[in-house]
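See structure below.
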2 protein chains.
Amino acid sequence: MKHVDIESRRKSILSAVVDSYVDTATPVGSRAISQRFRYTISPATIRNVMADLEEMGLIMHPHTSAGRVPTDKGYRFYVDSLLEPEHLTKEEESIINKLIHQAGNDIDYIMQNASKAISIIANVVGIVLTPRLKRSIFKHIELFNIDDSRILAVIVTTSGFIKNSIMDIEEGITKQELAHITEFLNSELEGISLGEIKSYLTRKLLEERDSFYTFLKRATDILSIPGLFRADDHLYFEGAACIMSHPEFTDIRKAKLFLRACEDKKGLLNLLNEDMERDGIKIHIGKENVDSEMQDCSVVTCNYKINGTIVSAIAAIGPTRMEYGKVISVLKYISHELGKELENLG
Amino acid sequence: MKHVDIESRRKSILSAVVDSYVDTATPVGSRAISQRFRYTISPATIRNVMADLEEMGLIMHPHTSAGRVPTDKGYRFYVDSLLEPEHLTKEEESIINKLIHQAGNDIDYIMQNASKAISIIANVVGIVLTPRLKRSIFKHIELFNIDDSRILAVIVTTSGFIKNSIMDIEEGITKQELAHITEFLNSELEGISLGEIKSYLTRKLLEERDSFYTFLKRATDILSIPGLFRADDHLYFEGAACIMSHPEFTDIRKAKLFLRACEDKKGLLNLLNEDMERDGIKIHIGKENVDSEMQDCSVVTCNYKINGTIVSAIAAIGPTRMEYGKVISVLKYISHELGKELENLG
DNA sequence: CATTGGCACTCTAGCACTTAGAGTGCTATG
DNA sequence: CATAGCACTCTAAGTGCTAGAGTGCCAATG
């Protein structure tokens with residue numbers, strides 16, 4: 001095996017280091033790598049290559065007489081250039097299907113099971129975010145008086161979600177007027193995403209000058225019911241206990257930091273909201289995370305769609321030493337199945 | 001201090017052992033107790049009393065040369081007979097008020113903050129269960145077609161909760177018919193709890209024989225929309241990270257077991273559902289828990305009310321070595337404030 | 001000239017051993 | 001009945017040592 005392309009060997013050795021470290025959680029020595037290559041390359045050669053990789057910042061030494069450990073940069077190179085697409089086994093797929101498609105009609109339960117599925121298959125903490133209302137498309141609204149001083153508004157979206165809210169009103173509204181407004185809104189707002197409704201109506205309001213203005217104003221006011229368009233920011237979260245088996249958490253302080261990252265709802269929400277803009281898998285490794293709580297973990301996210309429209313995202317969070325290949329394939333699979341299940345429900 | 005009542009001394013020594021152990025997490029020796037009593041009782045005497053307490057199964061020895069640790073039975077006696085009512089400080093109350101009353105109109109956010117409050121003040125994992133729909137009182141229903149094949153049902157309860165669901169129908173229904181049914185249900189069901197509606201209607205259905213039967217059957221069918229009365233079993237859960245600071249969790253296996261207990265939604269739900277039947281604080285110490293996952297923890301629960309009706313419960317879960325006094329007063333206070341906040345919202 | 005074997009060196013994990021100290025139980029005494 | 005004293009026990013923590021894993025460097029090699 002002389003005169004092998006030096007670059008490709010570096011790659012395969014980095015790959016071996018990452019694989020072995022992900023597998024065993026102990027620093028990887030030159031002997032172990034040599035063994036992986038069935039001794040076609042000697043430990044000494046591997047030591048030289050490893051020294052190069054270390055100089056490039058891809059792997060590091062915990063101390064002189066220890067093996068090598070991938071750095072964040074090393075993992076990054078690995079996932080970008082070395083990782084080969086993986087497939088779930090039939091058994092894994094059937095576990096996921098059972099959890100997602102046999103959870104009944106309860107969205108809450110489906111979401112919970114989806115996050116459990118991520119956790120079980122990939123040995124990480126699984127996270128599922130409820131569909132973003134803002135991205136849903138308006139289909140239907142109903143308004144009615146529940147008593148003299150309050151109106152109930154119910155909006156149904158094309159993806160079958162229902163959002164409602166109660167509003168106090170100072171001046172009474174007649175049934176006819178309410179029906180009139182309902183009819184108007186239903187014809188006017190069809191096909192608009194909930195996120196755009198408000199700006200759409202204010203724009204419209206600016207154009208109007210005549211008697212219609214008062215009517216439109218009234219309709220707009222009703223739609224500003226507090227909470228009607230509020231994001232339904234629920235994060236489902238599963239698998240904290242099982243992840244404690246990872247050897248990195250024998251140090252309880254690290255476990256605590258990890259749990260803190262998981263509980264950092266704001267940080268996760270920001271990340272998911274941003275990531276879901278683009279389609280597909282997004283990976284954030286260790287220090288790459290802007291959020292300081294997460295700089296010791298890796299977060300992998302994937303959007304999911306209902307009828308072709310991106311509505312929200314799912315994620316996995318675990319130690320930087322995670323099985324990226326498996327995590328990616330699980331998220332891809334689950335995002336697809338979850339979307340399908342929600343479509344059937346809508 | 002001769003000839004002191006032997007029973008009362010045992011009590012105060014048990015109390016001192018529990019207090020000291022809760023405080024320091026290290027087995028309590030006779031010297032330390034003696035010091036607590038400002039040396040008015042000698043260590044030797046205390047050793048005798050402790051030997052008695054041990055024989056009674058209230059405290060135990062981890063090993064010969066260690067101090068004493070309360071047993072589950074010891075904690076039980078402590079909370080039943082020795083614990084004096086505690087009050088929160090003004091600062092603590094103001095932290096709680098801020099979290100609960102300044103969370104806006106978003107129920108989701110209020111619940112989340114309430115569980116956070118439990119966690120922060122009492123150093124335990126805080127749990128809040130959403131109001132049980134079954135216990136809510138029917139106030140108003142609206143039914144309408146969203147398209148040819150589907151009906152949307154919306155139920156409003158007296159406590160201001162809104163529950164809705166979509167139902168597929170095979171045979172079309174006219175607007176008038178639907179309005180008729182709506183009107184009927186609104187007049188018929190007022191004041192009935194959602195949990196009783198189904199049995200109420202079936203009872204009614206059995207009595208009817210004439211033409212009215214078909215109408216009533218239709219109405220009943222509509223109300224059997226899947227999910228319309230499904231319990232909204234959401235558990236808010238906060239503080240896993242902060243609880244890892246407790247010395248009992250330096251052993252990661254214990255931390256894992258504890259997290260597993262927290263993630264055991266079914267077990268918690270059963271416990272909460274059962275406990276909320278009775279008013280006030282309920283305490284489950286270690287092995288007293290039926291659920292095997294929880295036998296190393298203590299769970300303290302407290303129902304909460306909306307307008308005088310028990311609707312759900314909150315809880316604290318932590319190591320058996322928890323500040324029972326503080327946990328109890330926090331849960332009492334928060335259950336009260338949470339109920340108040342939800343009343344204002346309704 | 002890349003690859004390899006050899007070798008000296010380094011660092012850690014683990015084990016045996018020791019010791020200080022905290023705590024007990026028992027007994028004799030006030 | 002309460003207490004002081006004493007012998008005894010057990011743990012936690014520190015020390016010293018060793019085996020072994022791993023490295024870096026150098027000289028030899030095809």
Side-chain angles (χ1 to χ4, degrees), chain A residues 1-14 16-17 20-21 23-56 58-71 247-248 250-251, chain B residues 1-14 16-17 20-21 23-56 58-71 247-248 250-251:
Chain A
M1 255 240 212
K2 308 259 160 177
H3 293 284
V4 157
D5 173 20
I6 192 157
E7 268 315 305
S8 89
R9 186 160 65 190
R10 276 182 183 165
K11 282 182 185 172
S12 60
I13 285 178
L14 176 59
V17 170
S20 171
Y21 185 65
D23 195 36
T24 63
T26 44
V28 191
S30 51
R31 252 188 71 85
I33 298 288
S34 176
Q35 195 171 27
R36 276 196 164 238
F37 288 101
R38 290 189 196 141
Y39 300 107
T40 49
I41 318 174
S42 81
T45 313
I46 289 170
R47 281 205 285 281
N48 290 329
V49 178
M50 280 170 128
D52 295 346
L53 291 172
E54 183 159 12
E55 208 170 341
M56 295 160 79
L58 298 172
I59 57 180
M60 60 162 286
H61 255 172
H63 55 82
T64 18
S65 80
R68 286 346 199 271
V69 166
T71 60
E248 26 269 279
T250 38
D251 182 355
Chain B
M1 253 237 212
K2 308 256 164 182
H3 294 284
V4 156
D5 173 20
I6 191 157
E7 267 316 304
S8 87
R9 185 161 65 190
R10 275 181 184 168
K11 283 182 185 173
S12 59
I13 285 179
L14 176 59
V17 170
S20 171
Y21 184 66
D23 196 35
T24 63
T26 45
V28 191
S30 51
R31 253 188 70 86
I33 298 289
S34 176
Q35 194 174 27
R36 277 199 163 236
F37 288 102
R38 289 187 198 143
Y39 301 105
T40 50
I41 318 176
S42 81
T45 313
I46 288 170
R47 281 203 286 281
N48 290 329
V49 178
M50 280 171 128
D52 295 346
L53 291 173
E54 184 159 12
E55 208 168 343
M56 297 160 76
L58 298 172
I59 57 180
M60 59 162 286
H61 256 173
H63 55 83
T64 18
S65 79
R68 277 5 190 261
V69 166
T71 60
E248 27 269 280
T250 38
D251 181 357

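Scope of the values below: all heavy atoms of this structure, side chains included, with no hydrogens, waters or symmetry mates. In what follows, chains carry the letters A, B, and so on, assigned in the order in which the sequence lines appear, proteins first and then strands, with residues in each chain numbered from 1.
- Under a 3.5 Å cut-off, the side chain of A:S20 and the backbone N or O of A:A16 do not form any donor-acceptor pair.
- Of all the heavy atoms in A:V28 and A:V17, the pair that sits closest is CG2-O, 3.6 Å.
- Taking atom CG of B:D52 as the reference point, atom C1' of C:dC26 lies 15 Å away to the nearest angstrom.
- Note that the two end axes of the helix from C:dC1-D:dG30 to C:dG30-D:dC1 enclose an angle of 30°, each drawn from 5 base pairs, rounded to 10 degrees.
- Distance check: B:T71 OG1 to B:H61 NE2 gives 13.0 Å after rounding to the nearest 0.5 Å.
- Here D:dA2 presents its C1' atom at 15 Å from CZ of B:F37, a figure rounded to the nearest Å.
- Atom OH in A:Y39 sits about 15 Å away from atom C1' in C:dG5, given to the nearest Å.
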> How does protein contact run along nucleotides 12-28 of chain D, one letter per nucleotide 5' to 3', with B for base contact, S for sugar-phosphate only, - for none, heavy atoms under 4.0 Å?
Replying inline: ---------BSBBB---

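- In this structure the side chain of A:L53 never reaches within 4.5 angstrom of the side chain of A:R68, judged on heavy atoms.
- A side-chain donor-acceptor contact under 3.5 Å links B:S34 to the backbone of B:I41.
- Nearest heavy-atom pair, A:R10 versus A:M56, reported as atom, atom and distance to 0.1 Å: NH1-SD, 4.1 Å.
- One distance of note links CD1 of A:I13 with CG of A:L58; it measures 12.5 Å at 0.5 Å rounding.
- Atoms OG and CZ, on A:S42 and A:R47 in that order, are 7.5 Å from each other to the nearest 0.5 Å.
- For the pair A:T45 and C:dT3, the criterion of a side-chain N or O lying under 4.0 Å from OP1 or OP2 is not met.
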